[in-house]
Visitor: 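Quick one: the structure is below, and I'll ask about it shortly.
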Amino acid sequence: MHGHHSPVPGDGPASGLLDQVEEAEAALRAAAERGRPGAPDGHAVDADPQEYFTALIEADQKIEPRDWMPDAYRRTLIRQIAQHAHSEIIGMQPEGNWITRAPSLKRKAILLAKVQDEAGHGLYLYAAAETLGVSRDELVELLLAGRQKYSSIFNYPTLTWADVGAIGWLVDGAAIVNQVPLCRCSYGPYARAMIRICKEESFHQRQGFEILYTLAHGTPAQRQMAQDAVDRWWYPSLAMFGPPDRDSVHSAQSMAWKIKRFSNDELRQRFVDMCVPQAEVLGLRIPDPNLRWNPERQSYDFTPPDYAELMRVISGDGPCNRQRMARRRRAHTEGAWVREAAAAYAAKRAGRGPAATRPAARDGRAAA
Ligand code: FAQ
């Protein structure tokens, strides 16, 4: 119908977005081959560092860990990447809640794989943040002390099996719409991590869509369960994109630095436009009486989420904030022996010389 994203299930609801990930990957390679401005040998020796940084950004080159960067750029990236990493780790909880109760062995295996992917995304992101000069331990401490955030969305409860479908379709859908442009982020390690994450997220969205499709075409009770889940997850998913542009404190600077490529409201609109035709395929209703196609804007008009609620949830007062943090603290304490054992193992391997350490370092197990 309208829009470029095919809603046909076999084609995958996010296939248009996957093409954009491929393009971003090609752009990353092209930037590396092009070389850096004014520096045929890869070094700009006499340039003013601030000017050179700006020139790199303007030329759509990537900033790499070895490069000089303004302190505020570094701090912004640490804030955003850490928040993103924490979201992946905390985000394992709402779905983890259903691993033991998934309706079949197949569903259980798929959900288990998805939740494991999220742990992996957290690790790529912590590793990207570490290239900015902080350690994963410090970031975890900041989260546990309540001094860094994670996404508001993971403070909502998963009441039924259909919620696992709604999370995949809507929450992962929102995550991809937000994250595909981050594949073009100016900071190299973050952009590269996002490419891999987005490819995996598109599978996540597909599995959620498929769960909802199955329920929506099942018994009346299953259909009702699917609709109820969509009714509860729609507005919290819209709120994931952050405050409206007029209240977004970081957007202007982050866009100037090409960390963000689109504003919160632009991405929210894109998400709505992607979901409407997909909801039609699902046969489920988006719970917004004001949702309608606007031919002038070539987009859907919609009711925005309750931003006062978003602010309450962000500041710690959502339905599950306390439970999520308590469980994360407990898991951290109970996991201390695993970290100690991994560190002892890595030290032992390191003691055996480079030939022995190489395989362990390569598959990442040494980085406890
Ligand atoms: N929740 O000035 P802005 C996933 C904060 S997807 C909590 O607009 P910015 C995958 C914001 O940090 C979820 N806090 O900020 C998955 C700032 O506070 P600060 C994770 C929010 O950074 C799926 C303040 O409000 N995705 O995990 C939220 O320019 C299923 C002012 O806001 C990412 O993190 C919110 N919704 O734009 C896993 C993507 N919105 O830091 C498991 C990367 C805003 O000054 C299962 N991040 N805040 O104290 C971003 O794209 C951006 O950081 C935004 C916010 C768009 C989230």
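Nothing fancy with the numbering, it's 1 onward along the sequence. Just so you know, ligand 1 is whichever comes first in the structure, and atom 1 is the first atom listed for that ligand. Values below: all heavy atoms of this structure, side chains included; hydrogens, waters and symmetry mates excluded.
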Visitor: Which heavy atom of Trp68 sits nearest to which heavy atom of Phe53, and what is that distance?
Guide: O-CD1, 3.8 Å
Visitor: Show me which atoms of ligand 1 lie under 4.0 Å from any heavy atom of Asp172.
Guide: 23 (C), 30 (C)
Visitor: Go through ligand 1 atom by atom and flag the ones less than 4.0 Å from a non-hydrogen atom of Met240.
Guide: 6 (S), 36 (N)
Visitor: Which atoms of ligand 1 sit under 4.0 Å from any heavy atom of Tyr150?
Guide: 1 (N), 7 (C)
Visitor: Tell me, which protein residue and heavy-atom name are nearest atom 12 (O) of ligand 1, and how many Å apart are they?
Guide: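 Going atom by atom, the protein heavy atom closest to atom 12 (O) of ligand 1 ends up being Gln83 OE1, 2.7 Å.
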Visitor: Answer with yes or no whether the hydrophobic clustering places Ile167 together with Phe241; edges join I, L, V, M, F, W, Y residues whose side-chain heavy atoms lie under 4.5 Å apart.
Guide: yes
Visitor: To the nearest 0.1 Å, how far is atom 50 (C) of ligand 1 from its closest protein heavy atom, and which atom is that?
Guide: Gln80 NE2, 3.5 Å
Visitor: Looking only at atom types and distance, does a side-chain atom of Arg147 sit under 3.5 Å from a main-chain N or O of Leu142, one as donor and one as acceptor?
Guide: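 Checked: no pair found.
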Visitor: Among protein heavy atoms, which lies nearest atom 15 (O) of ligand 1, and at what distance?
Guide: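 Nearest protein contact, heavy atoms only, for atom 15 (O) of ligand 1 is His250 CD2, 3.5 Å.
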Visitor: Looking at non-hydrogen atoms alone, which of Pro243, Cys185, Gly318, Pro236 comes nearest to atom 44 (C) of ligand 1?
Guide: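 Shortest heavy-atom distance from atom 44 (C) of ligand 1: Pro243.
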Visitor: Return yes or no for this condition: an N or O of Asn264 is under 3.5 Å from an N or O of ligand 1.
Guide: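 Indeed, backbone or side chain, Asn264 has an N or O that close.
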Visitor: Using a heavy-atom cut-off of under 4.0 Å, does the side chain or the backbone of Asn178 touch ligand 1, or both, or neither?
Guide: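 Answer for Asn178: side chain.
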Visitor: Any Lys/Arg nitrogen of Asp273 or Arg270 sitting under 4.0 Å from an Asp/Glu carboxylate oxygen of the other?
Guide: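 No salt bridge links Asp273 with Arg270.
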Visitor: So, 4.0 Å and heavy atoms of Gln179: is ligand 1 close enough to count as a contact?
Guide: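 True for this residue.
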Visitor: Please work out, at 4.0 Å between heavy atoms, whether the side chain, the backbone, both, or neither of His84 comes within that distance of ligand 1.
Guide: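 Contact part for His84 vs ligand 1: both backbone and side chain.
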Visitor: Do Arg29 and Glu25 sit within salt-bridge range, that is, some charged N less than 4.0 Å from a carboxylate O?
Guide: yes
Visitor: Where on Glu201 is there a heavy atom closer than 4.0 Å to ligand 1, on the side chain, on the backbone, on both, or on neither?
Guide: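 Contact part for Glu201 vs ligand 1: side chain (C-beta onward).
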Visitor: What is the minimum heavy-atom distance between Ser87 and Phe154, and which atoms define it?
Guide: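 Minimum heavy-atom contact is O-CE1, 3.4 Å.
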Visitor: Is there a continuous path of hydrophobic side-chain contacts, each under 4.5 Å between heavy atoms, that joins Tyr235 to Phe271?
Guide: yes
Visitor: Which is closest to atom 31 (C) of ligand 1 in terms of heavy atoms, Asp265, Val249, Ile89, Leu182?
Guide: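 That would be Val249.
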Visitor: Compute the shortest N/O to N/O distance between Ser254 and ligand 1 and return yes if it is under 3.5 Å, no if not.
Guide: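 In this structure, Ser254 places no N or O atom under 3.5 Å from an N or O of ligand 1.
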Visitor: Would you say the side-chain atoms of Gln227 and Asp231 include a donor-acceptor pair closer than 3.5 Å?
Guide: yes
Visitor: Check this for me - ligand 1, Ala175, N or O atoms closer than 3.5 angstrom, yes or no?
Guide: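 Ala175 vs ligand 1: no N/O contact under 3.5 Å.
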Visitor: If we set the cut-off at 4.0 Å for heavy atoms, which region of Phe154 has an atom near ligand 1: side chain, backbone, both, or neither?
Guide: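 Under 4.0 Å from ligand 1, Phe154 contributes side-chain atoms alone.
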Visitor: Do Gln80 and His250 pair up side chain to side chain, a donor and an acceptor below 3.5 Å, judged on atom types alone?
Guide: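 Not at all, the side chains of Gln80 and His250 share no donor-acceptor pair under 3.5 Å.
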Visitor: Apply the side-chain contact (heavy atoms from CB on, under 4.5 Å) test between Asn97 and each candidate in Leu159, Val164, Thr158; give the one that qualifies.
Guide: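 So, applying the side-chain contact (heavy atoms from CB on, under 4.5 Å) to Asn97 and each of Leu159, Val164, Thr158, only Thr158 qualifies.
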Visitor: Within ligand 1, which atoms have a heavy atom of Glu95 less than 4.0 Å away?
Guide: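 Heavy-atom distances to Glu95 below 4.0 Å select 46 (C).
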Visitor: For atom 29 (O) of ligand 1, what's the nearest protein heavy-atom neighbour? Residue, atom name and distance, please.
Guide: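 Its nearest protein heavy-atom neighbour is Lys260 NZ, 2.7 Å.
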Visitor: Run the contact test for Gln148 against ligand 1 with a 4.0 Å cut-off on heavy atoms, strictly below, and give the result.
Guide: no
Visitor: Let me know which of Glu201, Glu200, Glu95 forms a side chain to side chain donor-acceptor pair (under 3.5 Å) with Lys114.
Guide: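 So, applying the side chain to side chain donor-acceptor pair (under 3.5 Å) to Lys114 and each of Glu201, Glu200, Glu95, only Glu95 qualifies.
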Visitor: Decide whether Arg196 and Tyr124 meet the rule of one side-chain donor and one side-chain acceptor closer than 3.5 Å.
Guide: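 Looking only at side-chain atoms, Tyr124 and Arg196 do form a donor-acceptor pair, the distance falling under 3.5 Å.
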Visitor: Report yes or no: do Thr160 and Asp163 form a side-chain donor-acceptor pair below 3.5 Å?
Guide: yes
Visitor: With a 4.0 Å cut-off on N to O distance, would you call Arg36 and Asp67 a salt bridge?
Guide: yes
Visitor: Does His86 reach the side chain of Tyr126, with side-chain heavy atoms less than 4.5 Å apart?
Guide: yes
Visitor: What pair of heavy atoms forms the shortest contact from Glu118 to Gly91, and how long is it?
Guide: OE1-O, 4.0 Å
Visitor: Just jot down the ligand 1 atoms closer than 4.0 angstrom to any heavy atom of Tyr190, in number order.
Guide: 43 (C)
Visitor: What atoms in ligand 1 come closer than 4.0 Å to a heavy atom of Ser87?
Guide: 13 (C), 20 (C), 27 (O)
Visitor: Identify whether the distance between the nearest side-chain nitrogen and carboxylate oxygen of Arg327 and Glu334 falls below 4.0 Å.
Guide: no
Visitor: Would you tell me which option among Arg79, Arg268, Gln253 has the nearest heavy-atom contact to atom 41 (O) of ligand 1?
Guide: Arg79
Visitor: Out of Ala174, Ala85, Gly242, who is nearest to atom 40 (N) of ligand 1 when you count heavy atoms only?
Guide: Gly242
Visitor: Find all atoms of ligand 1 within a distance of less than 4.0 Å from any non-hydrogen atom belonging to Ser151, and give their numbers and elements.
Guide: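 Ligand 1 atoms under the 4.0 Å threshold to Ser151: 1 (N), 7 (C), 13 (C).
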Visitor: Provide, to 0.1 Å, the distance between atom 25 (O) of ligand 1 and the closest protein heavy atom, together with that atom's residue and name.
Guide: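 Nearest neighbour among protein heavy atoms for atom 25 (O) of ligand 1, to 0.1 Å: Ile314 CD1, 4.0 Å.
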Visitor: Charged N to carboxylate O under 4.0 angstrom, Glu266 versus Lys260?
Guide: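 Lys260 and Glu266: not salt-bridged.
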Visitor: Only heavy atoms of Phe241, strictly under 4.0 Å: list the atoms of ligand 1 that pass.
Guide: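 Atoms satisfying the 4.0 Å criterion: 56 (C).
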Visitor: What protein heavy atom sits nearest atom 3 (P) of ligand 1, and how far off is it?
Guide: Ser248 OG, 3.4 Å
Visitor: Which residue supplies the protein heavy atom nearest to atom 36 (N) of ligand 1, what is that atom called, and how far is it?
Guide: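 Closest protein heavy atom to atom 36 (N) of ligand 1: Ser152 OG, 3.0 Å.
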Visitor: Given that the side chain starts at C-beta and the backbone is N, CA, C, O, which of these parts of Ala239 lies under 4.0 Å from ligand 1, counting heavy atoms, or is it both or neither?
Guide: backbone
Visitor: Just going by heavy-atom distances, which of Glu118, His204, Met194 is nearest to atom 42 (C) of ligand 1?
Guide: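 Answer by nearest heavy atom: Glu118.
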Visitor: Which residue owns the protein heavy atom closest to atom 19 (P) of ligand 1, what's the atom, and how far is it?
Guide: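 The closest heavy atom on the protein side is Lys149 NZ, 3.4 Å.
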